[in-house]
Amino acid sequence: MPELPEVEVVRRGLERWVAGRTVAEVEVLHPRAVRRHPAGGADFAARLAGHRFGTAMRRGKYLWIPLADADASVLGHLGMSGQLLVQPHEAPDEKHLRIRVRFDDARGTELRFVDQRTFGGLSLHDNTPDGLPDVIAHIARDPLDPAFDDAGFQSALRQRRTTIKRALLDQSLISGVGNIYADEALWRSKLHYERPTATMTRPRSAELLGHVRDVMNAALAAGGTSFDSLYVNVNGESGYFDRSLDAYGREDEPCRRCGTPMRRRPWMNRSSYFCPRCQRPPRP
DNA sequence: ACCACGTCCTGTCGGC
DNA sequence: TGCCGACAGGACGTGG
């Protein structure tokens, strides 16, 4: 379940292994992997061939590789189980290989998009004037972006009529936060996931934002987290932010602050993990 | 305009 | 032993 730190690790891998290379041929092996490319797989392959890759960029969980010779980008999202692998040509095809990109050089490697659950995919889009693929113009900056607007986020929270975890997962408010880091940041902030955003004072919002950044930076320092053997970085090495989670997946285990057994609650077709003592539910 | 929820997908795991 | 349901969840479309 790649979130921002894992995606950043993949971005760095792309920067190192595919920047500057020219596409020779693209094979789309599963239509769902290009479902965000409206004209379909054949068009995706045809339009990409012959173009040279620039330096991979990232916003939140989205990755894109600008074409060095056109005002367009290859946009990628890893979804739940997506991997971008740089593999030798002779490596056997992965079971869930969805897209293969061959290059026109003699480096002997190709780029592969592998994805078991097919929530992720690649697509080709024109750029907006600020160099962003047009279809992700609505995605907010992420908290590690130097241009992230802290004050704007805080006032947006107060104006919303929703609850805090929903807001953290809303990619138009703040991007790059998924279920795992949301639970981690809320635990660190001693906030219940159902706290109304309207009750978030400036200091409380600032503290939460600080914890979101701390959790992400810690994961980044550890080379990206993975809690699922499906997740592998761009070179095929599995990252693992070992034993550093305080909330996610810790049902019935003692809270690392107060020792109370942690709880899991079904929430929005997923789960929320929290300490019932440190993170008191809001008064109804 | 804002907000909530169902849906897509495949593999693993645990219970009966 | 084998079947079946629950679970994992990011982002988008739809309906309120």
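In the text below, chain A, chain B and the rest are named by the order of the sequence lines, each starting its count at 1.
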Can you find a side chain N or O atom of [X] that sits less than 4.0 Å from OP1 or OP2 on [N]?
| X | N | result |
| --- | --- | --- |
| A:His96 | B:dC9 | no |
| A:Tyr62 | C:dC12 | yes |
| A:Arg36 | C:dC12 | yes |
| A:Ser271 | C:dA8 | yes |
| A:His30 | B:dC9 | no |
| A:Arg264 | C:dC7 | yes |

Whole angstroms only, please: what is the [atom1]-[atom2] distance between [X] and [N]?
| X | N | atom1 | atom2 | answer |
| --- | --- | --- | --- | --- |
| A:Glu251 | C:dC7 | CD | P | 10 Å |
| A:Asp142 | C:dG10 | CG | P | 15 Å |
| A:Tyr181 | C:dA8 | OH | P | 17 Å |
| A:His138 | B:dC3 | NE2 | P | 16 Å |
| A:Gln159 | B:dC3 | CD | C1' | 15 Å |
| A:Asp183 | C:dG10 | CG | P | 10 Å |
| A:Met268 | B:dA4 | CE | C1' | 6 Å |
| A:Arg35 | C:dG13 | CZ | C1' | 13 Å |

For A:Glu27, is there an ion pair with A:Arg102 - N to carboxylate O distance below 4.0 angstrom?
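Here A:Arg102 pairs with A:Glu27 in a salt bridge, since their nearest N and O are under 4.0 Å apart.
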
Closest-nucleotide 5' rank along DNA chain B - winner of A:Arg161 and A:Asn269
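Nearer the 5' end of the strand: A:Arg161.
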
For the pair A:Thr197 (side chain) and A:Arg160 (backbone), establish whether a donor and an acceptor sit closer than 3.5 Å, ignoring hydrogens and angles.
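Judged by distance alone, yes, a pair lies under 3.5 Å.
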
Contact summary for [X] and [Y], nearest pair of heavy atoms:
| X | Y | answer |
| --- | --- | --- |
| A:His89 | A:Arg112 | O-NH2, 3.7 Å |
| A:Leu111 | A:Leu14 | CD1-CD2, 3.9 Å |
| A:Met262 | A:Trp187 | CE-CD1, 3.9 Å |

When you get a sec, tell me which of [options] is the closest nucleotide to the side chain of [X]?
| X | options | value |
| --- | --- | --- |
| A:Arg117 | C:dA8, C:dG10, B:dG11 | C:dA8 |
| A:Lys95 | B:dG11, C:dA8, B:dC3 | B:dG11 |
| A:Thr118 | B:dC3, B:dC9, C:dA8 | B:dC9 |
| A:Thr162 | C:dA11, B:dA4, B:dT10 | B:dA4 |
| A:Gln116 | C:dA8, B:dG11, B:dC3 | B:dG11 |
| A:Arg166 | C:dG10, B:dA4, B:dG11 | B:dA4 |
| A:Gln171 | C:dG10, C:dA11, C:dC12 | C:dA11 |
| A:Tyr273 | B:dG11, B:dC3, C:dA8 | C:dA8 |
| A:Arg32 | B:dC8, B:dG11, C:dA11 | B:dC8 |

Judged by modelled atom types alone, do A:Ser189 and A:Arg195 share a side-chain donor-acceptor pair under 3.5 Å?
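Absent: no donor and acceptor within the cut-off.
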
